[in-house]
Amino acid sequence: MALVEIEVKDKYAVVTINRPEALNALNSQVLDELNAVLDGIDVNEIRAVVLTGAGEKSFVAGADIGEMSTLTKAEGEAFGKKGNDIFRRIETFPVPFIAAVNGFALGGGCEIAMSCDIRICADSAVFGQPEVGLGITPGFGGTQRLARLVSPGMAKQLIYTARNIKADEAYRIGLVNAVYPLEELLAAAEKLASTIAKNAPIAVRNCKKAINDGLQTNMDEAIVIEEKLFGDCFETEDQKEGMANFLRKKDDPNKVKIVDFKNK
Ligand code: CO8
């Protein structure tokens with residue numbers, strides 16, 4: 001059985017971390033399989049990805065504590081880099097990722113969710129960075145992404161105390177965009193993915209890059225990043241058809257149609 005599964009749907013995919021007996025904890029094999037799944041995603045076919053965990057209890061309960069317990073300093077750093085490289089791939093992947101957090105999202109689980117573009121969760125979800133209670137720092141981007149996603153003060157409080165929070169608090173501090181009953185979560189995530197997948201893929205991709213790259217720099221440089229990615233959309237088939245469709249609609253409302261964007 002694969003530890004990471006991918007199911008391709010209509011222009012989007014659902015990727016499932018499938019190690020429920022260990023609450024989907026991330027060991028090296030899971031990370032390698034996740035990397036291979038990312039290698040296999042054809043962005044001409046798949047325009048959004050839902051990431052979730054197998055079972056009803058856990059999204060991802062962190063990096064594998066058993067595997068980490070005997071690491072040397074150098075091995076610890078290498079393991080951190082392994083996770084960071086993959087999570088950074090997700091963060092910069094040319095299609096949006098939606099984390100459907102269906103339970104525990106602790107340590108590396110919270111961190112992989114934070115590398116996704118959008119997080120929604122079940123009302124049973126639990127988030128936290130318990131690392132300092134294990135004698136380590138968050139090592140898959142938690143110190144960086146949590147401080148950027150919520151406030152630095154809130155990130156520091158959560159990380160220093162190693163306190164877990166429930167879905168309602170995660171929503172209140174802006175860590176997730178919405179909370180659903182568990183049985184409705186995946187459908188909600190897929191609906192979001194499907195909605196995104198209907199829009200012009202080059203434009204969506206450029207929005208992701210503009211937001212991500214712009215947040216790393218000052219406003220003067222950020223608006224130049226936007227200008228370039230905005231300009232990059234012009235002369236594409238999708239831009240021409242998207243705008244022509246609007247203009248046809250204006251002439252004759254009966255001509256309204258959903259544009260079948262080609263990613264060209
Ligand atoms: N690693 C390995 N195994 C795990 C993990 C994990 N993170 N979490 C759960 N499991 C396993 C348990 O060992 C258990 O296995 P078994 O049945 O063989 O004993 C099985 O999953 C079920 O777990 P529990 O029996 O503990 O289930 P409970 O419902 O009682 O508790 C909890 C659920 C609260 C989620 C509990 O399992 C728990 O606290 N898990 C650990 C959570 C945690 O601390 N996560 C953070 C890990 S550190 C991390 O992620 C750092 C990331 C950066 C790494 C950088 C590297 C340098």
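Throughout, numbering of the chain's residues begins at 1 and tracks the sequence. Counting starts at 1 for both ligands and their atoms, following the listed order.
Of the candidates Ala162, Ala63, Ala78, the one placing a heavy atom closest to atom 47 (C) of ligand 1 is Ala63. Here atom 42 (C) of ligand 1 lies nearest to Ala61 when heavy atoms of Pro130, Gly142, Ala61, Ala25 are compared. In the candidate list Gly141, Gly76, Gly135, Gly76 is nearest to atom 57 (C) of ligand 1, counting heavy atoms.
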Stepwise side chain to side chain contact (heavy atoms under 4.5 Å, CB included) check, Leu34 with Val15: CA-CA 9 Å; Leu34 182 56; Val15 171; 4.2 Å; yes

Working for side chain to side chain contact (heavy atoms under 4.5 Å, CB included), residues Arg145 and Glu91: CA-CA 11 Å; Arg145 292 196 180 93; Glu91 189 168 48; 2.7 Å; yes

Assess whether side chain to side chain contact (heavy atoms under 4.5 Å, CB included) is satisfied between Ile41 and Ile6, documenting all intermediate values. CA-CA 9 Å; Ile41 291 178; Ile6 180 163; 3.9 Å; yes

Under the side chain to side chain contact (heavy atoms under 4.5 Å, CB included) rule, what do Asp117 and Lys208 come out as? Steps first, then yes or no, please. CA-CA 8 Å; Asp117 296 86; Lys208 174 166 177 168; 2.9 Å; yes

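Exactly one residue among Asn177, Ile98, Leu149 makes a side chain to side chain contact (heavy atoms under 4.5 Å, CB included) with Arg119. That residue is Leu149. When each of Arg89, Lys82, Lys81 is paired with Asp85, the salt bridge (Lys or Arg N to Asp or Glu O under 4.0 Å) condition holds for Lys81 and for no other. Tested against Ile112 for a side chain to side chain contact (heavy atoms under 4.5 Å, CB included), the candidates Phe97, Phe140, Phe59 yield a single pass: Phe59.
Here the protein heavy atom with the shortest distance to atom 38 (C) of ligand 1 is Leu106 CD1, 4.8 Å. Looking only at protein heavy atoms, the nearest one to atom 23 (O) of ligand 1 is Leu23 CD1, 3.6 Å. Looking at atom 1 (N) of ligand 1, its nearest protein heavy atom turns out to be Ile65 N, 3.0 Å. Protein heavy atom nearest atom 51 (C) of ligand 1, with residue, atom name and distance: Glu131 OE2, 3.3 Å. Atom 56 (C) of ligand 1 has its closest protein heavy atom at Phe79 CD2, 3.4 Å. Remark: minimum distance from atom 4 (C) of ligand 1 to any protein heavy atom is reached at Ala22 O, 3.8 Å. Annotation: atom 55 (C) of ligand 1 to nearest protein heavy atom, Gly139 CA, 3.6 Å.
Counted within 6.0 Å of CD on Glu235, heavy atoms from surrounding residues, nucleotides or ligands total 12 or fewer; the atom is thus considered open. For Glu56, the CD atom sits in a loose shell: 12 or fewer heavy atoms of surrounding residues, nucleotides or ligands are nearer than 6.0 Å.
For ligand 1 and Asp64, the ligand atoms under 4.0 Å from any heavy atom of the residue are 1 (N), 2 (C). Those atoms of ligand 1 with a heavy atom of Met68 less than 4.0 angstrom away are 48 (S), 54 (C), 56 (C). Using a 4.0 Å cut-off to heavy atoms of Leu134, the atoms of ligand 1 that qualify are 44 (O), 47 (C), 48 (S).
Ligand 1 lies less than 4.0 angstrom from a heavy atom belonging to Lys57. The shortest heavy-atom distance from Glu111 to ligand 1 is under 4.0 Å. In this structure, Gly83 falls outside the shell of residues with a heavy atom less than 4.0 angstrom from ligand 1. For Glu21, the closest heavy-atom approach to ligand 1 falls below 4.0 Å.
Closer than 4.0 Å to atom 8 (N) of ligand 1 lies at least one heavy atom of the protein. Not a single protein heavy atom sits closer than 4.0 Å to atom 13 (O) of ligand 1.
Checked by distance only, ligand 1 and Ile136 stay at 3.5 Å or farther apart across all their nitrogen or oxygen atoms.
Residue Ala54 comes nearest to Thr16 through the heavy atom pair N-CG2, 3.6 Å, listed as atom of the first residue, atom of the second, then distance. Across all non-hydrogen atoms, the minimal contact from Leu26 to Val60 is CG-CG1, 3.6 Å.
At a 4.0 Å heavy-atom cut-off, ligand 1 touches Phe104 through the side chain alone.
Salt bridge Lys166/Glu169: absent, no basic N to carboxylate O contact under 4.0 Å. A salt bridge does not link Lys262 with Glu241: every distance from a Lys NZ or Arg NE/NH1/NH2 to an Asp or Glu carboxylate oxygen is 4.0 Å or more.
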